[in-house]
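First the structure, in the form of structure tokens, and then the observations on it.
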Amino acid sequence: MEISARARFAPSPTGRMHLGSARTALYDFLLAQKTKGQFILRIEDTDQKRTLEGAEQELKDGLRWLGLQWDEGPDVGGDFGPYRQTERKDIYLQYARKLVELDSAFYCFCTPEKLKKVRDQQIENKENTHYDGTCRNISIAEADRRIADGETHVIRFKTPNEGQTRVVDQMRGEMTFDNKTLDDIILVKSDGFALYHLAAVVDDHLMKITHVFRGSEWLPTFPLHALIHRAFGWKEPVWVHLSVFLKPSGKGKMSKREQADFIKDGKSIFIKDLRDLGYLPEAVINWISLMGWSYDSHSEFFTMDDLIDKFSLDKLNASPAAINFTKLDHFNGLHIRNLTIQDLSHRLVPFFEAKGYKPDPSIMEKITPIIQERLVTLDESVGLAGFFFEENVAPDVQELIPNKMSAGEAYAVANDILMVLESANTVAHEVLEPQMRELVEKLNLKPGQVFGILRVAVTGSIVSPPLFESMEIIGKEKVLERMKNAIKILGQMISK
RNA sequence: GCCUCCAUCGUCUAGUGGCCCAGGACGGAGCCCUCUCAAGGCUCAAACAGGGGUUCGAGUCCCCUUGGAGGCACCA
């Protein structure tokens, strides 16, 4: 890893940015950072029919949110642009022609209908479907004549018929393919647009890409891409085919239907959703970094800087990984606790605002420390601390009555609590708590019983951040008000 | 069907021939701490898919089987 790597992330804007692409981009980024090279973003939009409105934006937003800023690419430019393939159409055409002249590609005039017939016949004969070679030996001169006549055509790669192709994947090692199993793939469509196979190879060469991380779905065409490089006489980049992510059960990729189910469950494989769900980019990065890579036998908590420092190709793992959302939760908790109060407090604000609260920054900074270690996602903070911003709370009568206590007893205790509260000249937790504990002893009760009533009265819930710290933030006036309200509710219960 | 890849606890993984009757983490169970919920600490259960080789010795190398995955478009 001595040389500076130029690693590219080359998504096609045909869908939403998900965990798989994020992990590929992460490895690209880490390698580039580690080697003081460049991380390049290239938009592979040659299939305009499938290009999705807004997809490129979501991609870029996702990368930036994750902290994967590209050194070259759309918006930032670079010496090897343009970085959007639709803007490079002529380049591909030029190289395709060159390949024809090199006798490594040929013009093909077969119609889609004819092709389909051939394929159907092959299926019937239980043969592998492949191009039948009809146009393979049409001379350039004849092809040029037919093209001049306006005949529609594509350009195909002339795959060797005999022998084998040996390719090397840095992570998986050497692989050998029989050339007769390789198809004469289309390089340029009849509309004049290059296909991925040509465009990616040409761009990787022209952009001086040294390392290609891509999904294992490219393994079957791997020999073809290597062959195209070789036909031009170009040096191949270092190839790494990352394994796919499997659904949590480990059985297959996640379907559209299952993706929808996960979102209902507060989980998602889409980066944008994860952000909205209250996950930290730090946690997502840490989580996906470990799906296919590891550092040693015991370290798991990594910041981006750690990863840049520790990343290496030889620790990559080729086996497919099942997505484990509970582990994301774990990492999110760890990274939340790793944030400064101020940082976390800022990140919490949008979640409160989304629920209609207008969180005061100074109050937020007081609340943050007492909820920090209780959060799994940012989103949860609202349910846990919303009561700080409410005018009043609505305690449930049953919850106001501790276990093994009658309504009447609870009512009496509540009044005792109120007395302590009223006579206290402060609700500072270090002062109030000892006073309450005195009351607990005087009444010969368990702390949980007295504090339970107080908690439900003040926070409206049986689960809350630390009680006395919470009351301090709420202020004496509101605490008294809420305690009186709880007594009223208990009183009504008794009189029934 | 054909081609290719992958194979250690439920899951993510460490392990590159002896350091492994297999280590860490998540999740699970239990205990401790404790004003609730968490967080934290400690403990426990839990795996080398099967079969052949190679070797003094195999989780680690080779082969087969099985299982899983990916691909077989004028998509990427």
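Keep in mind that what you see is a predicted model, and the values were worked out from it rather than measured. Proteins come first, then strands; the chains are lettered A, B, ... in the order of their sequence lines, and each starts at number 1. These numbers come from the heavy atoms of this one structure, side chains and all, not from hydrogens, waters or symmetry mates.
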**Message:** Tell me whether Asp183(A) contacts the main-chain N or O of Tyr131(A) through its side chain, where contact means a donor paired with an acceptor under 3.5 Å.
**Reply:**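 Flag set: sc Asp183(A) to bb Tyr131(A) pair under 3.5 Å.
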Please produce a list of atom pairs where a protein N or O lies less than 3.5 Å from an N or O of nucleotides 19-23 of chain B.
from   : atom 1 : to        : atom 2 : distance (Å)
G23(B) : N2     : Ser297(A) : O      : 3.3

Just checking [X]: base, sugar-phosphate only, or nothing, at a heavy-atom cut-off of under 4.0 Å?
X: Phe193(A); result: nothing
X: Gly292(A); result: sugar-phosphate
X: Trp287(A); result: nothing
X: Glu300(A); result: base
X: Cys110(A); result: base
X: Leu384(A); result: nothing

**Most 5' of Ala194(A) and Asp183(A) on RNA chain B, judged by nearest nucleotide** = Asp183(A)
**Fill in**
The answer to which of Glu127(A) and Glu217(A) contacts RNA chain B further toward the 5' end, by nearest nucleotide, is Glu127(A)
Measuring to OP1 and OP2 of [N], would you say a side-chain N or O of [X] lies under 4.0 angstrom away?
X: Lys253(A); N: G68(B); value: no
X: Lys315(A); N: A14(B); value: no
X: Arg119(A); N: C74(B); value: yes
X: Thr46(A); N: A76(B); value: yes
X: Ser190(A); N: C74(B); value: no

**Asked** Is the centre of the His211(A) ring less than 6.0 Å from the centre of the Tyr27(A) ring?
**Response** no
**Message:** Could you check whether Trp218(A) and Tyr196(A) have their ring centres less than 6.0 Å apart?
**Reply:**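 Aromatic pair counts; centres sit under 6.0 Å.
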**Cationic tip of Lys310(A) above Tyr295(A) ring, under 6.0 Å, 45° of axis** = yes
**Item:** Test side chain to side chain contact (heavy atoms under 4.5 Å, CB included) applied to Lys114(A) - qualifying residues, sequence neighbours left out
**Value:** Cys110(A), Thr111(A), Val118(A), Asp132(A), Thr134(A)
**Message:** Could you work out, with side chain to side chain contact (heavy atoms under 4.5 Å, CB included) as the rule, every residue matching Val397(A), not counting sequence neighbours?
**Reply:**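 If we apply the side chain to side chain contact (heavy atoms under 4.5 Å, CB included) test to Val397(A), skipping adjacent residues, the hits are Ile489(A), Met493(A).
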**Residue pairs involving residues 156-174 of chain A (criterion salt bridge (Lys or Arg N to Asp or Glu O under 4.0 Å); sequence neighbours excluded)** =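 Non-adjacent pairs meeting salt bridge (Lys or Arg N to Asp or Glu O under 4.0 Å): Asp103(A)-Lys158(A), Arg166(A)-Glu174(A).
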**Asked** Under the salt bridge (Lys or Arg N to Asp or Glu O under 4.0 Å) rule, what pairs show up with a residue in residues 219-229 of chain A, not counting sequence neighbours?
**Response** none
For the [atom1] atoms, the ones on [N] and on [M], what distance do you get once it is rounded to whole angstrom?
N: G67(B); M: G51(B); atom1: C1'; answer: 14 Å
N: A58(B); M: G50(B); atom1: C1'; answer: 16 Å
N: A29(B); M: A38(B); atom1: P; answer: 12 Å

**Asked** Near RNA chain B, under 4.0 Å by heavy atom, which residues of residues 462-475 of chain A?
**Response** Ile462(A), Val463(A), Ser464(A), Pro465(A), Pro466(A), Leu467(A), Glu469(A)
**Request:** Could you check which residues of residues 428-453 of chain A get a heavy atom under 4.0 Å from RNA chain B? Sort them by number, please.
**Result:** Arg437(A), Pro447(A), Phe451(A)
Just distance, no hydrogens or angles: give the donor-acceptor pairs under 3.5 Å from side chains in residues 439-457 of chain A, sequence neighbours left out.
from      : atom 1 : to        : atom 2 : distance (Å)
Gln449(A) : OE1    : Lys446(A) : N      : 2.8
Arg455(A) : NH1    : Ser464(A) : OG     : 2.8

[Y] and [X] side chains, donor-acceptor separation under 3.5 Å:
X: Asp329(A); Y: Thr326(A); answer: no
X: Asp45(A); Y: Gln85(A); answer: no
X: Ser461(A); Y: Thr459(A); answer: no

**Item:** ring-ring contact (aromatic ring centres under 6.0 Å, His included) partners of Phe177(A), counting only residues at least two apart
**Value:**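 With neighbours one apart ignored, the set is empty.
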**Asked** Under the ring-ring contact (aromatic ring centres under 6.0 Å, His included) test, which residues partner His197(A), sequence neighbours left out?
**Response** His225(A)
Listed pairs, N/O of protein and of nucleotides 39-41 of chain B, under 3.5 Å:
from   : atom 1 : to        : atom 2 : distance (Å)
A39(B) : O4'    : Glu373(A) : O      : 3.2
A39(B) : O3'    : Arg337(A) : NH1    : 3.3

**Complete:** Per-nt protein contacts along nucleotides 5-11 of chain B (heavy atom under 4.0 Å; B base, S backbone sugar-phosphate only, - none) come out as SSS---B
**Asked** Is Glu53(A) atom CD crowded by more than 12 heavy atoms from other residues, nucleotides or ligands, each under 6.0 Å away?
**Response**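 Counting neighbours around CD of Glu53(A), 12 or fewer heavy atoms of other residues, nucleotides or ligands fall under 6.0 Å, so no.
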**Request:** Check the pair Glu44(A) / Arg42(A) against salt bridge (charged side-chain N to carboxylate O under 4.0 Å, His left out), numbers first and verdict last.
**Result:** CA-CA 6 Å; Glu44(A) 309 223 323; Arg42(A) 186 173 73 218; 2.8 Å; yes
**Item:** Qualifying residue for side-chain contact (heavy atoms from CB on, under 4.5 Å) with Ile269(A), from His18(A), Lys253(A), Arg16(A)
**Value:**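 Single pass found, and it is His18(A).
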**Nearest-neighbour nucleotide for the Val244(A) side chain, A14(B), U36(B), G70(B) considered** =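 The listed nucleotide nearest to Val244(A)'s side chain is G70(B).
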